[in-house]
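Below, chains carry the letters A, B, ... as their sequence lines are ordered, and counting in each starts from 1.
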Protein chains: 2
Amino acid sequence: MKRNSRLSLALHTLSHMAEEPNRVRTSADIADHAGTNPVVVRRVLGRLREAGLLTSEKGHAGGWRLARSPQQITLADVYLALNERMIATGPDYEVPSCSVEHALFRRVTTVLTEVEASLVQKLSETPISAISGT
Amino acid sequence: MKRNSRLSLALHTLSHMAEEPNRVRTSADIADHAGTNPVVVRRVLGRLREAGLLTSEKGHAGGWRLARSPQQITLADVYLALNERMIATGPDYEVPSCSVEHALFRRVTTVLTEVEASLVQKLSETPISAISGT
DNA sequence: GCATACGCAACTAATAAAGTTACATTTAGC
DNA sequence: GCTAAATGTAACTTTATTAGTTGCGTATGC
Ligand code: FES
Ligand code: FES
């Protein structure tokens with residue numbers, strides 16, 4: 001698959017969940033629908049659970065469901081929950097000591113930070129319930 | 001190295017070139033300074049040449065130099081020349097037929113396109129000459 | 001002619017992500 | 001209690017992308 005398939009998978013799944021919030025879905029069902037593997041689904045949805053967007057239940061009639069109403073979950077919530085910012089320049093870059101590199105780093109970081117904030121802002125305007133309709 | 005080392009390498013190199021626009025630099029010099037390989041340098045700078053930002057000369061006293069004044073080359077020029085948009089959702093995504101996936105795709109694409117444009121806009125405000133200090 | 005540069009193709013190495021397998025644990029229903 | 005069905009997780013394999021390397025052809029200044 002391609003990069004950011006995690007975000008695709010998460011958004012796709014939550015969009016469907018927004019349609020029938022009370023239905024419990026198993027990772028096997030979701031994986032089958034999305035054309036991937038249950039373990040991959042659990043990995044991705046696990047992050048959403050950590051972020052408080054989903055709940056999961058083990059055992060016989062277990063599975064996944066939304067932790068709150070679909071109107072209260074926005075695309076930004078999903079994006080942030082996955083913690084994979086499209087705009088790189090994370091803390092993995094060591095701040096350089098040389099003046100040229102430092103100036104460059106600062107400039108680029110400033111721009112990327114602004115753009116990242118703008119992205120999150122725009123995403124936050126759409127709840128997942130708006131995707132499927134209602 | 002990490003992802004987007006191409007952009008880092010390109011910006012770093014051009015920032016230095018902006019300091020002494022008339023100096024010719026060989027890919028070996030640049031590679032040595034940047035801690036990489038001459039072939040990698042030629043690969044990256046080759047794209048900048050295709051975009052008209054640099055010129056290269058073969059032979060004895062050959063090497064790389066800016067194709068125009070450093071005030072006329074912005075960070076956006078470099079970013080666009082490399083043709084690796086940070087904001088994914090390129091044409092490699094096939095447009096989905098299902099309505100839910102389609103609505104999601106459209107929404108996300110709209111946001112990303114806007115953000116990408118905003119990024120380029122911000123980058124275009126800084127010429128490479130501004131990094132090293134005129 | 002020779003040293004020095006780029007251009008390019010082909011290969012290898014390193015990395016990250018997805019996918020897979022296996023198994024422990026939990027839970028509902030009988 | 002036993003069984004079936006679900007998640008949780010670790011370990012491994014596969015795949016894709018990128019950087020790095022080697023080798024050689026070509027151009028050019030001295
Ligand atoms: S020497 Fe410091 S940026 Fe290149
Ligand atoms: S069925 Fe999942 S998006 Fe169409």
Side-chain angles (χ1 to χ4, degrees), chain A residues 1-13 17 23-67 81-86 88-90 92-93, chain B residues 1-13 17 22-67 82-86 88-90 92-93:
Chain A
M1 255 193 195
K2 47 213 161 238
R3 187 134 77 268
N4 271 78
S5 64
R6 287 197 286 264
L7 184 57
S8 296
L9 174 58
L11 289 175
H12 179 186
T13 303
M17 286 179 151
R23 177 170 151 204
V24 176
R25 289 153 206 264
T26 68
S27 54
D29 289 343
I30 295 166
D32 188 53
H33 175 76
T36 182
N37 189 288
V39 175
V40 173
V41 170
R42 290 200 283 265
R43 279 207 281 249
V44 172
L45 298 194
R47 298 201 194 188
L48 303 186
R49 183 191 49 227
E50 289 167 19
L53 305 183
L54 291 177
T55 60
S56 64
E57 283 158 40
K58 292 180 172 181
H60 196 85
W64 302 81
R65 74 177 74 214
L66 297 179
L82 292 180
N83 211 41
E84 22 171 66
R85 312 309 168 81
M86 312 198 100
T89 313
D92 45 319
Y93 278 68
Chain B
M1 256 192 194
K2 45 209 161 242
R3 185 132 84 273
N4 272 78
S5 63
R6 287 197 286 265
L7 183 58
S8 297
L9 175 58
L11 289 175
H12 180 186
T13 302
M17 286 177 151
N22 293 324
R23 177 169 154 205
V24 176
R25 288 151 207 265
T26 68
S27 53
D29 289 344
I30 296 166
D32 189 53
H33 174 77
T36 181
N37 189 286
V39 176
V40 174
V41 170
R42 289 200 281 264
R43 277 208 283 250
V44 173
L45 298 194
R47 297 200 195 188
L48 303 186
R49 184 191 50 226
E50 288 168 19
L53 306 182
L54 291 177
T55 60
S56 65
E57 283 158 40
K58 292 180 173 182
H60 195 82
W64 302 83
R65 75 176 75 215
L66 297 179
L82 292 180
N83 212 39
E84 20 172 67
R85 312 309 168 80
M86 312 198 99
T89 312
D92 45 320
Y93 278 66

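Rounded to an integer number of Å, the gap from A/Leu9 CG to C/dA17 P is 15 Å. Atom CD of B/Glu84 and atom C1' of D/dT18 are 10 Å apart (whole Å).
Defined by atom type and a distance below 3.5 Å, a donor-acceptor pair is present between the side-chain atoms of B/Arg49 and B/Ser56.
Dashed line: the shortest gap from a side-chain N or O of B/Ser5 to OP1 or OP2 of D/dA19 is under 4.0 Å. OP1 or OP2 of C/dC6 lies within a sub-4.0 Å distance of a side-chain N or O belonging to B/Ser27. Close to D/dG8, at under 4.0 Å from its OP1 or OP2, lies a side-chain N or O of A/Ser56. Residue A/Thr36 places at least one side-chain N or O under 4.0 Å from the OP1 or OP2 atom of C/dG19.
Between A/Leu45 atom CG and A/Glu50 atom CD the span is 11.5 Å, to the nearest 0.5 Å. For the atom pair B/Glu57 CD and B/Thr26 OG1, the distance stands at 13.0 Å (nearest 0.5 Å).
Nearest heavy atoms, B/Gly63 versus B/Val24: CA-CG1, 3.5 Å. The minimum heavy-atom distance between B/Ala67 and B/Gly52, with the atom names listed, is CB-O, 3.3 Å. Scanning all heavy atoms of the two residues, the minimum distance from A/Leu9 to A/Ala34 falls at CD1-CB, 3.6 Å. Here the closest heavy-atom approach between residue B/Val44 and residue B/Ala10 is recorded as CG1-CB, 4.0 Å. Across all non-hydrogen atoms, the minimal contact from B/Asn22 to B/Arg65 is O-NH1, 3.4 Å.
Less than 4.0 Å separates DNA chain C from at least one heavy atom of each of the following residues of residues 37-45 of chain A: A/Asn37, A/Val39, A/Val40, A/Arg43. A heavy atom lying under 4.0 Å from DNA chain C marks none of the residues of residues 47-54 of chain A.
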Measure all distances between protein nitrogen or oxygen atoms and nitrogen or oxygen atoms of nucleotides 27-30 of chain D, and list the pairs falling under 3.5 Å.
from   : atom 1 : to      : atom 2 : distance (Å)
D/dT28 : O2     : B/His60 : N      : 3.1

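Proximity of a side-chain donor or acceptor of B/Arg47 to a complementary backbone N or O of B/Leu82 within less than 3.5 Å is detected. Distance alone, capped at 3.5 Å, places no donor-acceptor pair between the B/Arg25 side chain and the B/Trp64 backbone.
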For a side chain to side chain contact (heavy atoms under 4.5 Å, CB included) check, start with the C-alpha distance between A/Thr13 and A/Val41, then their side-chain angles and the critical distance, and finish with the verdict. CA-CA 9 Å; A/Thr13 303; A/Val41 170; 5.8 Å; no
